[in-house]
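Following: one structure in structure tokens, then a few remarks.
Here is the naming used below: chain letters follow the sequence lines, and residue numbers restart at 1 for every chain.
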4 protein chains.
Amino acid sequence: MPTKPSQTPLEQQRNRQPAADSDGDADPAKPTPETQIFHDRESQVASYCTEWPAVFDTARGCYQYSEDGTRYLDFFSGAGALNYGHNHPALRKPLLDYLTGEHVTHSLDTFTVAKRNFLEAFDRIVLGPRGLDYKVQFPGPTGTNSVEAALKIARKCTGREQVVSFTNAFHGMTLGSLAVTGNSMKRAGAGTPLYHASPAPYDDYFDGQTADFLWLEKAWEDSGSGLAVPAAVIVETVQGEGGLRAARMNWLRELHALCRRHEVLLIVDDVQAGCGRTGTFFSFEPAGIQPDIVCLSKSISGYGLPMALTLLRPELDQWDPGEHNGTFRGHNPAFVTATAALETFWTDDRLQRNVADRSEQLQDALNHIVESVDGAALRGRGLLTGVAFDDAEVAGKIQAAAFERGLLVETSGPESEAIKIMPALTITEDELAEGIDLLLAATGAVLKIDLSREPSLVG
Amino acid sequence: MPTKPSQTPLEQQRNRQPAADSDGDADPAKPTPETQIFHDRESQVASYCTEWPAVFDTARGCYQYSEDGTRYLDFFSGAGALNYGHNHPALRKPLLDYLTGEHVTHSLDTFTVAKRNFLEAFDRIVLGPRGLDYKVQFPGPTGTNSVEAALKIARKCTGREQVVSFTNAFHGMTLGSLAVTGNSMKRAGAGTPLYHASPAPYDDYFDGQTADFLWLEKAWEDSGSGLAVPAAVIVETVQGEGGLRAARMNWLRELHALCRRHEVLLIVDDVQAGCGRTGTFFSFEPAGIQPDIVCLSKSISGYGLPMALTLLRPELDQWDPGEHNGTFRGHNPAFVTATAALETFWTDDRLQRNVADRSEQLQDALNHIVESVDGAALRGRGLLTGVAFDDAEVAGKIQAAAFERGLLVETSGPESEAIKIMPALTITEDELAEGIDLLLAATGAVLKIDLSREPSLVG
Amino acid sequence: MPTKPSQTPLEQQRNRQPAADSDGDADPAKPTPETQIFHDRESQVASYCTEWPAVFDTARGCYQYSEDGTRYLDFFSGAGALNYGHNHPALRKPLLDYLTGEHVTHSLDTFTVAKRNFLEAFDRIVLGPRGLDYKVQFPGPTGTNSVEAALKIARKCTGREQVVSFTNAFHGMTLGSLAVTGNSMKRAGAGTPLYHASPAPYDDYFDGQTADFLWLEKAWEDSGSGLAVPAAVIVETVQGEGGLRAARMNWLRELHALCRRHEVLLIVDDVQAGCGRTGTFFSFEPAGIQPDIVCLSKSISGYGLPMALTLLRPELDQWDPGEHNGTFRGHNPAFVTATAALETFWTDDRLQRNVADRSEQLQDALNHIVESVDGAALRGRGLLTGVAFDDAEVAGKIQAAAFERGLLVETSGPESEAIKIMPALTITEDELAEGIDLLLAATGAVLKIDLSREPSLVG
Amino acid sequence: MPTKPSQTPLEQQRNRQPAADSDGDADPAKPTPETQIFHDRESQVASYCTEWPAVFDTARGCYQYSEDGTRYLDFFSGAGALNYGHNHPALRKPLLDYLTGEHVTHSLDTFTVAKRNFLEAFDRIVLGPRGLDYKVQFPGPTGTNSVEAALKIARKCTGREQVVSFTNAFHGMTLGSLAVTGNSMKRAGAGTPLYHASPAPYDDYFDGQTADFLWLEKAWEDSGSGLAVPAAVIVETVQGEGGLRAARMNWLRELHALCRRHEVLLIVDDVQAGCGRTGTFFSFEPAGIQPDIVCLSKSISGYGLPMALTLLRPELDQWDPGEHNGTFRGHNPAFVTATAALETFWTDDRLQRNVADRSEQLQDALNHIVESVDGAALRGRGLLTGVAFDDAEVAGKIQAAAFERGLLVETSGPESEAIKIMPALTITEDELAEGIDLLLAATGAVLKIDLSREPSLVG
């Protein structure tokens, strides 16, 4: 566990470089002996490392530590894969026990005790209390694999090819998922056209006056529209990568009703917004809808271990055995931590209450930014939230200034125009306050305004 | 660690069911209290569990144990993800240390000490000694993700769309990989047509007289052929899923030369055949070729933990940062076991010698089957090998009979016509002999012939 | 020329069937000795013959005659291919002279005197006076071939694949044109998915309140929208097949400006609405726009002979020689009648004035229907006009009742919900009045209302 | 009819340019007052005019005349659209009568007397005597439209998407037909990928030793091949555009049998090779096969007027009415000349005997070239024949040299490596001899050898 002296990167730099010459600005992305091998051997496709050029070593809760002992408060949480923080002891213990006990690690899709335990816990803790009836597919341990499985079974079950996705959607980088992803740079990466997906405007995409589903409803009813009734609509309730827009519950309900009317399947991609990120286990719970298919990954294992689920209404489970497969469907250490996470965090309401309280605390601070900056806008829901700026470059500068101060925040959106705040759901009031102070300081420094406030602790 | 009494399934069954009625044949696929939740909640897409309906709990080396204590000798090794056997102590120790030390588990594509250690080891132990110069992309921890990344960058770099794959190829289930996969049942699972892939005959597909690359060579040279020069050719050196055909080294060399002549990229999908499975680290080493792109996954972590690499010739590393991403690119526990695996098994030649010896021992036994059964044929290379039968149903029956005897073997091929033998590369002579005896017994029982032999120990 | 006694079908039937039994209703689609060969040998894809089961023989001006001498007033004009009526003597004369003189009939794309004469006339009479500068491509003598050429060159010139078309568009039945056609029955006829086309709402598709190009404008500006900026937009100014909706000039201007802003090519498919059908030679003239590409066919030859043009802004003429070809690009008899048609009808304003007057006369009558029938709506522009009914079956019944009365009118729209009125542009006031009376009688009979009026002659 | 003094272009040039300076070589492609409008207004896609920059005016039989009176012997026949020569009086007479009689010209797909006469003649003269039972579709009057209709109905009837075509096939320029066309330059003109077509080697594509259908047969039988059993195979019996290769009858029979075994439809594209070009009405007759679908166009009207047919086995006529349509399906003047052509040329065997005799006469001469030129090879069948040269530029030079001498010959093949000889089927022995002499002179001049022979008249 991290025992080195804890410092912010600024402190670290000051201590390390007493004799820095007047220019001072050592390029953080320049290779050092510690990072040389990455520059020599790792593909340039890696991106986070260029923004946060530290070499991370240890981590606990909402903190990460680089090998030189610098401490970073983590407001990114593995893009949502670490909802319960880093290396939570309640998950680590059963994981270590499992590994120590020589239990089966890799099992493809055979039955294992660990998988059974997970299924029973998922059934008892997640599905049952919410009145949800889904078959659980283990589609390979990544979000994009879950989405690919969802798209395939939706097309197979309906006999239709088209899938409607939304503007600025992000569903993954393999070819099927990429086709329903909006980002043009990432789409171009395919090197081929992308097929059988058509985008529709996400909630509040326009002027706020245009009826939400005017186009889809009309086009699907009109046999001459040229827009076929699709196999499915795939939606994120909050667009984690696409700029943090959050759909209103009423919009989701109308979308659900629209799909039902036209016998179109509704797929909710809850990979980033699920597992409590917005306050409830599934992000769509407040809307009172039951999607036909749900994609889960990221935080389902709870510990950052690769794992994914595709949940199917039972009548959609029309797979032939082996029709969709993959080597790492049976990653038992992930089943173990996933089970522990459900038992630890979802059998009472403490986590949900913390998310609610911390969301309020965070929103209060973000509103302070919004009120202080022309054209800034609050985005998101729960602890998947942030602020978008008119000048897209501002967000990137805040990210850099925050990193200098020991805070990891990311940007989001087609122009990277929003800062994105995703602390661990288990973060304490004090930890969040610390991060908020760093964020306000970084924002203030970038915009050359004073955002310092009374201590941000709530009552 | 497994301490329960170790029995074969037959022994187990005998002991468990003293009063079985005259019919006797309890359907192994019928739900039991132990498997009920799987039937209730898991998607019917799962396939291995229907063939091996045990609930596995512990595992060590080449043995797996079900929760009732039954012991299974594993001739499948996680479809090649467990080349060093289950839970090898030399990998488990650093894994436990890493987890205990609260080192960072999930890191996206930031720098970590664990990733650095892996890259250094991979550079020093794998690439350097083989004179190979590749950039390493971590594309998401599955084989199909590695293939998708390979196809995307090949298309991006060449500006061409088409990719040539081979008959009976298997490259994965996401849409890009599925397009270069041969199996028609799996292809139909896409629910849409598949794009920009055209199959060519694999080595020895025809009569043995037709020149190997007659068609591709002629068609690529002829501007009127209608077959565009492709971005890439993707090939497995041994078709692990497609019936265990192994390409001759000369065929690979000719393919390599053909691609070079036409400036077509050569992608070797070494997900199943790599990491020592055929005797060398990369399966293509004996051919003396350097592919442009190599896909690795399965056993690269060594411990069955999800991990994948895409190796790119440096001039092909033309990704924009983030152009291909994924949440689980930075799975540090896998980096740790992967590093340990390289250090343990690839810094001397003991493993390779064992693979050579065990391959010989195994081939001897399989030849015994081939010589005893009309129309049976030896397939594969190294410890990725097996026997194909004229009557495709024979293989499935042998699989079932082997399972009854406590041996896990799979089938392979478009008609599941071959039994597939993939023991751990670390298996001992005695362990292999034990498995061989079980296999011969199962085969003999199915074919109603006597295959028993002198003890199969070599020397 | 037709010399047989001229009768309406009703008169004809009465005279022919004095002893018809009380049932009376001989199925007009039933084979007769005269039509048996069609039933035996012609594909069932033929459709107009099932609605108008007469065997036509002669024709003059706006009248067609069946072989039994029945006279039909033609309000359909070959779906717009006979804008100057049947067999106009001013065109027939030069055609006969040409054929008699053994001038070259078929010439591929070599130079001929007849083609030169046409190009000179088209340049002098059509392009010059309108200030239009286009290269003329002869793409094969059909509308769909013209559209295919337009789509290909638009994609080649822009390097983009996507084309935006509109709801209820009709552009042709070959695969490229079909992809930008809205009708789902016709699209399904492809037997494959259709590619690289995305529909957008045509003018007045919604509630009349939604801004017209809100979606395209926003989506093209947003790099994360998932909707790529297309190669081109293809539009009909009046949707001849899709229900006779006519775009407002202002909508066309806005569309033109939108395309200019985003460097998207604007293709006007003037196959049906062009050649004077709406009052001006090109239907887009009143909007004051200059499309990048214009498709012409149908009435360009003036005589119903196959001929088509694709007009390209000079900088778009980036074809390699022979890159788009076709056997019947050089159909010289059509060039001859086309030249004669330009000289006869487009060197003064008599035709245009007649179209204006007849449009007014016709609109007056159609308004009478609209005012008399709940939910009926006037559609179209110029002499490409009609009435849509709430109850889609009404239009089909009016068609049948009109045919019985000796009037050929068609239906239009995804549900065939509109009657479509397209008389020859040369029709006289009296002839139009005759047809209007028949139409009102037919409509009245179907709807069981009295639509008879004062004589419909204007002035 | 042409009354101007008849000269070859060389004579013409000599007479016209007595004072040409020593350079002499006026660029024939340079605009003249006579051709200026073409350069100003016609798209550069036109290709024949650049090779034969004459302005043609009149034509009779196998001769064309430019406006300056130069006579050209036509060995191209409108790429096969003028099998009966230019303006044959036996066709012109009924055509003039029809037009003079004010018979209906344009009729969409209504019944007309002219269409009925054609169907009856086609039934009586073509189908009946050959024991063929086809439904006749009029798909729009061009070859590519016939092919598009064929592909659509084949896919609709089989529910499959893929179509197999052959290397160097040419089937048309609209998107569906282009996908089954081999030429890479023309394919690139699509501006998008082309879909659902996979090429296979045409007869004699390889070394002459590889079994013809080894690959298709094996791949279709192997569910793991990745090559789906297609909807159809489309084939030309002689590749008119693709280099004049002619399939052996036995190869066609084997292809037919292969298709039957796998329930794959066989489409013969007889657009260029049909209507007697190879000696029989359908080019496949000598093979004794009955294709499932036949495409006819070019010479079916007999007079160079646009017309096309798609012939369907009756059980394949599963179109919905109007599912494939087009404005010029009912081009009655073409029906009239088509009927006259059938009556004139196909009710006795004179034409066929002439084709046989002239083929022999022509082959004799072409063999003379082949024997005199290293690497030259005879290609084709009947009067769709020619000579391919090792040095592809030779063919183009012969074309130019022939044009100078008043002979129109084209080139064919992916590299335009073959000269293509397609005289009218009605050509006399003397006329053919004249053309042969010109061809030998041109070839001799290009290759600087003496090819003059004894007079080439047979017997």
(message) With chain C as the partner, which of A/A200, A/G242, A/A197 has the greatest number of non-hydrogen pairs under 4.5 Å?
(response)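 If we count pairs closer than 4.5 Å to chain C, A/A200 comes out on top.
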
Specify which of [options] makes the most heavy-atom pairs with chain A at under 4.5 Å.
| options | value |
| --- | --- |
| C/A228, C/G413, C/P201 | C/P201 |
| C/P414, C/P199, C/G243 | C/P199 |
| C/L227, C/L214, C/L194 | C/L214 |

Let me see the donor-acceptor pairs closer than 3.5 Å between chain C and chain A, or none if nothing turns up.
from: C/N168; atom 1: N; to: A/G224; atom 2: O; distance (Å): 2.7
from: C/N168; atom 1: ND2; to: A/D222; atom 2: OD2; distance (Å): 2.9
from: C/G182; atom 1: O; to: A/G226; atom 2: N; distance (Å): 3.2
from: C/S184; atom 1: N; to: A/S223; atom 2: O; distance (Å): 2.9
from: C/S184; atom 1: OG; to: A/S223; atom 2: O; distance (Å): 3.0
from: C/Y205; atom 1: O; to: A/K218; atom 2: NZ; distance (Å): 2.7
from: C/Y205; atom 1: OH; to: A/D222; atom 2: OD2; distance (Å): 2.6
from: C/K218; atom 1: NZ; to: A/Y205; atom 2: O; distance (Å): 2.7
from: C/D222; atom 1: OD2; to: A/N168; atom 2: ND2; distance (Å): 2.9
from: C/D222; atom 1: OD2; to: A/Y205; atom 2: OH; distance (Å): 2.6
from: C/S223; atom 1: O; to: A/S184; atom 2: N; distance (Å): 2.9
from: C/S223; atom 1: O; to: A/S184; atom 2: OG; distance (Å): 3.0
from: C/S223; atom 1: OG; to: A/E415; atom 2: OE2; distance (Å): 3.3
from: C/G224; atom 1: O; to: A/N168; atom 2: N; distance (Å): 2.7
from: C/G226; atom 1: N; to: A/G182; atom 2: O; distance (Å): 3.2
from: C/E415; atom 1: OE2; to: A/S223; atom 2: OG; distance (Å): 3.3

(message) Less than 4.5 Å to any heavy atom of chain A: does that hold for the side chain of C/A179, its backbone, both, or neither?
(response)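 Contact with chain A: none, neither part.
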
